[in-house]
Amino acid sequence: MKWIFAYLAFLNILDGFITYFGIQYGHIQEGNPLMEFVYYANPVFFLLLKAALSCFLVALIFVQSFSFRRPIPELSFVASILYTAVIVLHFNWII
């Protein structure tokens, strides 16, 4: 279970950097309206927020009292599949 949090943290920070550079150079648009608002308000804050969210996920790995009860494993698994699809979409415009 904890490996999924590590994987999501990695994908989140990777998505942040790819999105940042993709928007900066006009290759893509942010698909999430909330993150689009954050990006256009302050791109550096966008990256810091993505990093903070990744750090939060990594911190959950080390918290001993955190319980991985339903529906957290299922939601994490679905999120990892969806985030993997987002990264694949990013690589489509990169390649």
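Along the sequence shown, residues carry numbers from 1.
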* Asked: Can you find a pair of side-chain heavy atoms, one from Y40 and one from I23, that are under 4.5 Å apart?
  -> yes

* **Qualifying side chain to side chain donor-acceptor pair (under 3.5 Å) pairs with a residue from residues 6-27, counting only residues at least two apart or across chains** => Y7-T84, N12-K50, N12-S54, N12-Y83, D15-T19, D15-K50, D15-Y83, D15-H90, T19-H90, Q24-Y39

* **Same apolar cluster (I L V M F W Y, side chains within < 4.5 Å links), L89/L11** => no

* Asked: What's the spacing between L8 CG and L53 CG if we round to 0.5 Å?
  -> 11.5 Å

* Share the residues that join V44 in a hydrophobic cluster, the rule being Ile, Leu, Val, Met, Phe, Trp or Tyr side chains under 4.5 Å apart at the heavy-atom level. => L48

* Of all heavy-atom pairs between I18 and F91, which one has the smallest distance, and what is that distance? -> CD1-CZ, 4.5 Å

* To do: Examine I87 and W93 and state if one hydrophobic cluster contains both, with Ile, Leu, Val, Met, Phe, Trp and Tyr joined whenever side-chain heavy atoms are less than 4.5 Å apart.
  => yes

* Of all heavy-atom pairs between V58 and A9, which one has the smallest distance, and what is that distance? -> CG2-CB, 3.8 Å

* **Same apolar cluster: V78 and F5, side chain cutoff 4.5 Å** => no

* How far does CZ of F37 sit from CD of E30, to the nearest 0.5 angstrom? -> 13.5 Å

* Structure fact -> Output for pair (L60 CG, I72 CD1), nearest 0.5 Å, gives 8.5 Å

* Asked: What pair of heavy atoms forms the shortest contact from I4 to S80, and how long is it?
  -> CG2-CB, 4.4 Å

* To do: Could you grab the distance from atom CG of L82 to atom CZ of F77, nearest 0.5 Å is fine?
  => 10.5 Å

